[in-house]
Amino acid sequence: MKTDNRQPTTDNQIYFAQIILPLNLKGTFTYKIPDNLVEEIELGMRVLVPFGGKKIYTGIVSELHDREPETFAAKEIINILDEKPILPKEQLEFWQWLSNYYLSNIGEIYRFAFPSSLKLESETYLKLKPNVEINFENLDVNEMYLIQALEVRQMINLAEIEAFIPKKLIVKTINSLIDLRYIEVDEKISETYKAKEVAYLKVNKDVLRDNFLPEVLKSLNNAPKQKDLFLLILSKQQENEDIPVKKSFVFEEGNFSHSQLKALIDKGIIEEYLLQKDRLKSYEGKTEDLEALTELQKIAKSEIDQAFENDKNVLLHGVTASGKTHLYLDKIEDCINDGKNVLFLLPEISLTKQIIQRLEKKYGKSLGFYHTKLTDFERVEVWRKIRNNEIKVLIGTRNALFLPFQNLGLIIVDEEHDFAYRPREVSPYFNAKDAAQILAKFYSANVILGSATPSVESYYAAKKDKLSYVFLSKRFGNVDLPTVELINFEEEQKLQFTKGHFSFKLIEEIKGNLEQKKQNIILHNRRGYANVVECETCGYVHYCSNCDVVMTYHKYSREMKCHYCGQKATKPTVCPKCNSENINERGVGIEQIEEELQKIFPENEVDRMDVDSMRKKFAYEQLYEKIETGEAEIILGTQMISKGLDFDNIELVAIPKADALLHVQDFRAEERAYQLITQVSGRAGRVSGKGKILIQTYNPQHPVFKLIQENSTTEIYNHFLEERKKFLYPPFVKLLMIELKHRREDKTDRASQFLGSVLRKYLPAECVLGPEKSPIARIKNLYQYQILLKLPKGKNYENFKSLVLKSFEEFDEITGYHSIKKSVFVDF
DNA sequence: AGCACGCCGACT
DNA sequence: GTCGGCGTGCTC
């Protein structure tokens, strides 16, 4: 990799490097490589560079060349921070691809990809070079100050230097002192984290030798507590010689004090020692082997193997409880036996206990986790382990794609349809499911996308033979899939066979299920109690002051909440506008359904599972426990409930207000509704095969409900695909959404009109939709407008995309619009 | 993104 | 009269 485009060092060639900086700026930056670093520098290494007057950043080398820039003078790299490249070339290529495809700056990707302690800025430390003779006569005032400061304190960081050197001169001063070989950047920059140490105890070897033990015990006779403590440690130690005794153990186990332990240590009977302990909890129990695959799974496996042989990625479509996990485990095992490593992606780490438990039992310490809930130090530790090839299977969320994998052989994307793979609110915007396939290409690794309800895009790709389609149509152990029944709520209402939002029929079914000691799941995907609080007299509606949305009433916490900015308010008892007391609540939230259920089933345990009720620490674990023990009889939840709850005793799933799932204005609303209903249904009758799904609706003729009832997978996907084709949506076009935000509405409006007109200048009229106000016209006091681009797929797409970029350049020329936040969502 | 510079309003 | 609001320009 090194010196590939370089001449022998005989001529006085100057070399340059393109550096990725952790800034949301276009492109990379050119720096001069000082002679003494020319031999060391390689792609993917971290370097320290000055940037703009007073900042120093940790950048990544993305290119080495000898083209001197003509329009500016390149500054010099201060130092190299790694002995070996920290970023594998596959990752560098991956970053470049993401930046290109998703039109995001590579610096933003760098920021997202690296734990922050690997890209320190002003925490950088300087020190004097050992044994240098300093000639003070040639130093200027600032250089003198810095040297003097370093003579007093060995190390100083940049932030501290600001106190005595003008900001503008910091970098200049440091550079000249480095050139004079007086000071250097401390290499410890990358070592700011320390491996956590854990204290352990052991009995002094001499005590155990010969027949010393009785004597020791005797010496402790008038210190009974110490004697007990000693015996506890001794017995624990002898229980299993291989497991060291943690210091914390003695305080958890018995009622001992630190002074008692200290006495034993002082007497030399017990020794305390420290061991470096991974911050990450790794499984310490025994590892287990897998059960054999069933016949159906074996067939699926051979199909997967076949696909891999043809270098094709797999879409594993397996109905709920078909044993996809089992197949994953099998393929993971194959990959490891091949000497390669595995990345297992999950939409969210928290809701997937089961897979983690199974993998832990199998792989013990060579299993790693990576997700957003880790602290920065924990992330760095996983980072190092991956780099050192100590982890064979990494389970993680989308940000795990950026780890410096060695020898990656397989990526599994579980629940590939899940929207958590492409959150809209975090930048850079990318779809982890698609990105995983690209990353795999750079590593020549295989990919399995798995789901019971594949995304329409993946299904289509499989149909077009871009993915290899493997279908597990039967549940594990040939257990029946749940039956689906539609309840026509309008009819029931006419007959007055309803109570609140429940038909008598639904109530009877739940009752019957409860009598058989079976558990019930109720899905209602709307938070709070009432969606709208309204004055009957004057029509006043309570809006959020920061956003263009109605505030939701939460009865449980007795407040009004804005679900977009989090603002809270008290519920008005009289109308603030006309003083009428006639305040009405409209729109049914989950709390209202909960209230009704408790009234209908006063004897039974009803538990609610939504963002609001799960906010407390361990709330999820507690509920999980309650369901496992059977204490929870009716579990009511928002979409949260569709994930991870694999229990044997749930037989009924009811969706009292199913129409609400379709009343979302989004071309994916139907797909989402289908996925949600099917996923929740999958919780029912996983063992007994007697699961029953009840969907209450005003539209029993709606194709989505009909097709779910008929359980005809092919037809439902055909239905989706027809609709998408008819109205020109993905997968038939490439969708690109541009969003403009600003706190002044007129400005946002004008800017988006202008951008729209520029886009129309370059693109065919039918490709540009809008601009128009976003569905929520204002969030957190920012007005939002959007432009939707429907671009043709295939060869022309790249041309169109370059025209979009051209339009952006033209837009950026208007300085007045620079304060407008522009976000681009490719594959929206 | 972050920072400096420069130009206008409401205040010690 | 000054502090500080943010619009504008620049960073290898």
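Below, chain A is the first sequence line, B the second, and so on; all start at residue 1.
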* Can you name the residues that form a side chain to side chain donor-acceptor pair (under 3.5 Å) with A:His542, not counting sequence neighbours? ->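 Once residues adjacent in sequence are excluded, the partners of A:His542 under the side chain to side chain donor-acceptor pair (under 3.5 Å) criterion are A:Tyr540.
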* **Residues that A:Lys801 engages under side chain to side chain donor-acceptor pair (under 3.5 Å), provided they are two or more places apart** =>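 In terms of side chain to side chain donor-acceptor pair (under 3.5 Å), with neighbours along the sequence ignored, A:Lys801 is linked to no residue.
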Rounded interatomic separation in angstrom, taking [atom1] from [X] and [atom2] from [N]:
| X | N | atom1 | atom2 | value |
| --- | --- | --- | --- | --- |
| A:Lys75 | C:dC10 | NZ | C1' | 11 Å |
| A:Ile56 | C:dC12 | CD1 | P | 12 Å |
| A:Leu21 | C:dC10 | CG | P | 19 Å |
| A:Lys26 | C:dG9 | NZ | C1' | 16 Å |
| A:Phe51 | B:dA4 | CZ | P | 13 Å |
| A:Arg67 | C:dC12 | CZ | C1' | 14 Å |
| A:Phe29 | B:dG2 | CZ | P | 13 Å |
| A:Glu108 | B:dA1 | CD | P | 7 Å |

* Contact class for A:Tyr31 (heavy atom, under 4.0 Å): base, sugar-phosphate, or nothing? -> sugar-phosphate
* To do: Looking at every strand, decide which applies to A:Arg744 at a 4.0 Å heavy-atom threshold: base, sugar-phosphate, or nothing.
  =>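 The answer is nothing, as A:Arg744 stays clear of every strand by at least 4.0 Å.
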Quick check for you: among [options], whose closest atom lies nearest to any side-chain atom of [X]?
| X | options | answer |
| --- | --- | --- |
| A:Arg111 | C:dC6, B:dG2, C:dC12 | B:dG2 |
| A:Tyr57 | C:dG7, B:dG2, C:dC12 | B:dG2 |
| A:Leu25 | B:dG2, B:dA1, C:dC12 | B:dA1 |
| A:His742 | C:dC12, C:dG7, B:dG2 | C:dG7 |

* Asked: Between A:Lys433 and A:Glu416, is the closest basic N to carboxylate O distance under 4.0 Å?
  ->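 Here A:Glu416 pairs with A:Lys433 in a salt bridge, since their nearest N and O are under 4.0 Å apart.
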* Asked: Going by an N to O cut-off under 4.0 Å, is there a salt bridge joining A:Arg744 and A:Asp746?
  ->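 Yes, charged N to carboxylate O under 4.0 Å.
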* Structure fact -> Hits for side-chain contact (heavy atoms from CB on, under 4.5 Å) against A:Lys821, two or more places apart or cross-chain, chain-then-number order -> A:Lys741, A:Leu782
Only distances under 3.5 Å count here; give the side-chain donor-acceptor pairs of residues 804-812 of chain A to other protein atoms, sequence neighbours excluded, each with its distance to 0.1 Å.
from: A:Ser807; atom 1: OG; to: A:Leu803; atom 2: O; distance (Å): 2.9
from: A:Glu810; atom 1: OE1; to: A:Lys761; atom 2: NZ; distance (Å): 2.6
from: A:Glu810; atom 1: OE2; to: A:Tyr762; atom 2: OH; distance (Å): 2.4

Could you pull out all donor-acceptor pairs under 3.5 Å where a side-chain atom in residues 132-141 of chain A meets a protein atom, sequence neighbours excluded?
from: A:Asn135; atom 1: OD1; to: A:Glu137; atom 2: N; distance (Å): 3.2
from: A:Asp140; atom 1: OD1; to: A:Asn142; atom 2: N; distance (Å): 3.0
from: A:Asp140; atom 1: OD1; to: A:Glu143; atom 2: N; distance (Å): 2.8

* **Members of residues 805-818 of chain A that approach DNA chain C, where some heavy atom sits under 4.0 Å away** => A:Thr815, A:Gly816
